[in-house]
Number of protein chains: 2
Amino acid sequence: MAIPRLRFWSETIHLTLSGTASTNLTDKIGTTVDSTLAKGLRVLEELAASAHPRGVTELSRELALTKSNAHRLLRSLSHLGYVKSNANRTYEATLKVWQIGLKVIENLNINAIAEPEMQRLSDMTGEAIYLAVPDDLSVIYIDKVESTRPIRSFTPKGGSAPIHCVGTGKALLSANYGQLRNRIKERLVGYTDQTITEISKLDKDMAATAKRGYALDKGEYRENIYSFGATIYLPTGEAIAAIGVSAPNINLNKERIVTICQAVQSAATRVTQLLQTSNG
Amino acid sequence: MAIPRLRFWSETIHLTLSGTASTNLTDKIGTTVDSTLAKGLRVLEELAASAHPRGVTELSRELALTKSNAHRLLRSLSHLGYVKSNANRTYEATLKVWQIGLKVIENLNINAIAEPEMQRLSDMTGEAIYLAVPDDLSVIYIDKVESTRPIRSFTPKGGSAPIHCVGTGKALLSANYGQLRNRIKERLVGYTDQTITEISKLDKDMAATAKRGYALDKGEYRENIYSFGATIYLPTGEAIAAIGVSAPNINLNKERIVTICQAVQSAATRVTQLLQTSNG
DNA sequence: AATCATTGTTCTATATAATGATACAGACCT
DNA sequence: AGGTCTGTATCATTATATAGAACAATGATT
């Protein structure tokens, strides 16, 4: 299986998957969007995010659609296999989206290659291990090994985090800092008092990160949660992903941090090497 | 590379997603389907299944769409965040579908509950462990623990198998045999010479399965691959999933089969119990 | 380098196809 | 039973997606 091109830093408009229902469907950026497609996908998203089957009126209200319109869309989605209609006149998402989504991840192909290294890091540290890919000014966690310790961390698989204040993100950021600096410059949102919100400080940190070979986040995103990350490269030199460890700082001290960081770094290096040898 | 069929135990009309380009989007069964939505989703599916980014004309040919039409759909999908356009004028799927799909699985909620039991079965047997849900006359594997042995089995996570000849499937089939018998009756496709293709034999097997509490597949789907399954029930009594073990028969003998089956059965029972206590 | 063959993108008239109001039919509750 | 919710079907209207052609940007071949 060939190593696919990944989605990278791009001009793609980032659409948040917020749980709030109030996203307006019509106000697009100058260009028009096929409205039926947009509405249909919103219905699907809503259904996918619901823990329970939903009714037509309910959905129509939530998405600001006509009852008839919602009904028709549900019918269509049902015919297409994305939605299942229950006997009690409710609708729910089928596993079809999931199956399609799996293919996207499979085609990424990094998962499989990185998995043993992630396991290794987990065995060694017992902390949460993340595999992340860049997504505009965020990272998305495409895989995760749960911490073996009682204290669990926040971010689930599929979740995302800002690129400038988590280990994996900072590793990826430093790898493409030239391209991204100007875009991130005015968007250095603060999350804790440790978050780097000044570009001059970020400049220094990124330089240090690049030199060091791994990234450090000392509670810059979540209070008292440290994370460390290193970049995985394609044979082409593209920074395709990052591997990282996240841990509450009570579990850490200076030497343990160094040990973990070195492990993270060598894990990333190993995955990069494996990507070399695997066929292109 | 066809997308697996997805069907539920419902009145949902099934639309095949063949890989061939000739799928007619308009000839529906009386009722019409929002064509824009259908086309858009097909484009997305196609892109998700591709290992490499695709061009407009290429896609338009493959899906029998106008170049303009394909282009517009891609544009829309791009605006909606489902697709990313690259600098070299190609398009690829983003991780958004995957993220949405994850939510569907998360809301299924069985995964998390069944996982420890699956792990336990894995530790005990070293064979491949599956968690499957019914999908019309198939099962879909929603989770899997890989075999620790060198010989790996076939079916990946997200994949599907016919309900009448694999362990998990037969367990689910026996749980709903009343409803499903008539439908499966004329569709007993044979895969090996062990496959049950006569309804009378299936009747007996299902009766035995129900009595026994677990299902046996002795190479009925794949030559020399045995599998065993037991049903997981919701508090409502609905057969919602099945847990199973799959192994090459060289790894097996009579007593090991019995041991494994009992383990599978008690794993399923335990998950069922956990679903009782967990909130609905 | 220059031509040629492809591919991606923009534009616009046209007709298809999605839309929302209305009406009807089952639920469910009191 | 009566009333008030639901979900579903119908249909005229018009917005909206569509196809086709023209243009621009490739990049391959000579």
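Chain naming here is simple, since letters A, B, ... match the order of the sequence lines and numbering starts at 1 in each. The figures here come from the full heavy-atom set of this structure, side chains too, leaving out hydrogens, waters and symmetry mates. Please read all numbers here as calculations on a predicted model, not as lab measurements.
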B:H71 atom NE2 is separated from C:dT7 atom P, nearest whole Å, by 15 Å
Round to a whole Å and report the spacing from NE2 of B:H79 to P of D:dA17.
13 Å
Nearest whole Å is fine: how far is D:dA9 C1' from A:L74 CG?
15 Å
Nearest-neighbour nucleotide for the B:S68 side chain, D:dG20, D:dT18, C:dT19 considered:
D:dG20
Who are the side-chain hydrogen bond (donor to acceptor under 3.5 Å, both in side chains) partners of A:E92, not counting sequence neighbours?
A:N86
Quick one: B:R89 CZ to C:dT9 C1', roughly how many Å, whole number?
8 Å
Roughly, in whole Å, what's the span from CG in B:N88 to C1' in C:dT7?
12 Å
I need the NZ-P distance between B:K67 and C:dT6, as an integer number of Å.
12 Å
Where the side chain of A:R72 is defined as all heavy atoms beyond and including C-beta, which of C:dA18, D:dT18, C:dT9 is the nearest nucleotide?
C:dA18
Is A:R54 touching bases, backbone alone, or none of the nucleic acid, heavy atoms closer than 4.0 Å?
nothing
Tell me the closest heavy-atom pair linking A:N107 and B:S50, and the distance in Å.
ND2-O, 2.9 Å
Any A:R61 side-chain nitrogen or oxygen under 4.0 Å from OP1 or OP2 of D:dC5:
no
cation_pi(B:K96, B:Y82) dist<6.0 Å, angle<=45
yes
Any N/O donor-acceptor pair, B:T36 side-chain to C:dA18 base, under 3.5 Å
no
Could you tell me whether a side-chain N or O of A:H164 sits under 3.5 Å from a main-chain N or O of A:L173, the two making a donor and an acceptor?
no
Looking only at the side chain of A:K39 (C-beta and beyond, no hydrogens), which of the listed nucleotides D:dA9, C:dT19, D:dT18 gets closest?
C:dT19
Report yes if a side-chain nitrogen or oxygen of B:Y91 is closer than 4.0 Å to either non-bridging phosphate oxygen (OP1 or OP2) of C:dT9; otherwise report no.
yes
Output yes when B:D203 and B:R181 qualify as a salt bridge under the 4.0 Å nitrogen-oxygen rule, no when they do not.
yes
Closest of C:dT7, D:dA9, C:dG20 to the A:N69 side chain is C:dG20
Selection from C:dT19, C:dT9, D:dT18 that lies nearest to any side-chain heavy atom of A:S35:
C:dT19
Rounded distance in Å - CG (A:D34) to P (C:dT19):
11 Å
Separation of atom CD in A:E62 from atom C1' in D:dT6, rounded to whole Å:
17 Å
